[in-house]
Student: 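Okay, handing you the structure first.
We're numbering straight along the sequence, starting at 1. Keep in mind that this is a model prediction, so the values were computed, not measured. Remember, it's 1-based here, ligands and their atoms both numbered in the order they're listed.
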Amino acid sequence: MRASATSSVTPEQLALRLDRHDEQIDLSAIDYIVINTSGGKDSQAMLSHVVNFARAAGVIERLVALHVDLGRMEWAGTTKLAVAQADFFDVPIYITRKGGYLARAIIRGAGDVERQQLIADGTTKSETATDLLDRVRERGAANPHRPAWPSAAARWCTSDFKRGPARRFFTWLAHQHRDHQALQRPVRILSAMGLRAEESRSRARRAAYKTATISTSVQQVDEWLPIHRWSTPDVWREIHSSGAPWHRAYDLGMSRLSCALCILASSRDLTIGARHNPGLAAEILAVEHETGYTFLPDRSIAAFID
Ligand code: SF4
């Protein structure tokens with residue numbers, strides 16, 4: 001599948017939406033716009049929106065997508081879907097994971113995903129487990145007096161398993177670009193994320209545009225939340241009008257995606273997630289028994305298993 005003229009949003013509407021962010025984004029100064037995609041609805045809508053925006057601005061070739069693979073914690077097939085969504089819009093996509101590979105993914109015929117490995121396993125200096133469940137085990141063994149699981153107050157899962165690998169990708173991309181172009185200046189990267197204000201108070205407080213979240217001699221990374229003020233109906237309107245495939249988890253009743261069983265999820269999402277990912281739920285239960293700590297501070301994952 002290829003995106004046809006999926007102009008669900010006109011250039012005028014794009015300008016309006018940007019105005020609502022009170023932002024003036026000079027895309028001509030940006031080398032890459034990296035679309036961080038989980039394969040979930042918000043990043044999918046953001047991908048569609050930014051593709052339209054970049055087409056209207058004449059910088060479509062500067063878009064790349066990035067999916068950070070969460071391994072066993074993801075719904076089966078999520079990485080493949082993220083690749084299919086990027087392919088739908090003709091946007092090159094890279095996939096990576098903590099302490100592991102970085103690959104460029106390409107769809108070959110019948111939806112088969114081929115990975116061209118760019119950085120092999122074990123090339124990072126990560127000294128901790130590269131899988132979230134193994135990391136919980138490791139923390140439990142290292143210090144039995146400290147909660148083994150991440151929580152809203154100690155959200156190390158996001159920084160270790162999502163933000164860290166994304167930063168590694170930015171550095172790799174910047175080095176590639178500098179070498180290729182023989183640049184003497186930092187590579188300018190715009191990191192676009194599908195976070196929305198209505199999801200939580202902390203997300204509502206975030207600026208829709210933040211400059212220099214990373215600033216080194218090699219790269220300058222700005223952060224952009226293109227759909228920060230969108231409502232859930234806005235998101236689904238964009239998805240339906242684009243025609244791109246969405247994740248089956250929403251058809252099963254999930255309100256959010258990412259880890260199939262998330263420490264921040266609602267009871268309803270945890271129940272649906274456990275029902276459709278029984279192997280993962282059983283493994284979480286086993287890790288609870290091993291570490292002596294429950295998945296949520298006040299409840300075992302058993303509370304959500306039918
Ligand atoms: S989806 Fe939930 S459990 Fe997974 S990394 Fe994010 S906050 Fe942590």
Student: For residues S43 and S38, is any side-chain donor paired with an opposing acceptor at under 3.5 Å?
Tutor: yes

Student: Restricting to side chain to side chain donor-acceptor pair (under 3.5 Å), what partner residues turn up for R139, sequence neighbours left out?
Tutor: none

Student: Side chains of Q219 and T171: donor-acceptor distance under 3.5 Å anywhere?
Tutor: yes

Student: Could you please give the number of protein N/O/S atoms within less than 2.8 Å of atom 8 (Fe) of ligand 1?
Tutor: 1

Student: Any side-chain donor-acceptor pair under 3.5 Å between Q85 and H67?
Tutor: no

Student: Verify the distance criterion only: is there a donor paired with an acceptor across the side chains of S48 and E238 at less than 3.5 Å?
Tutor: yes

Student: Please step through salt bridge (Lys or Arg N to Asp or Glu O under 4.0 Å) for the pair E199 and R206, ending with a clear verdict.
Tutor: CA-CA 11 Å; E199 293 178 291; R206 290 179 77 132; over 6 Å; no

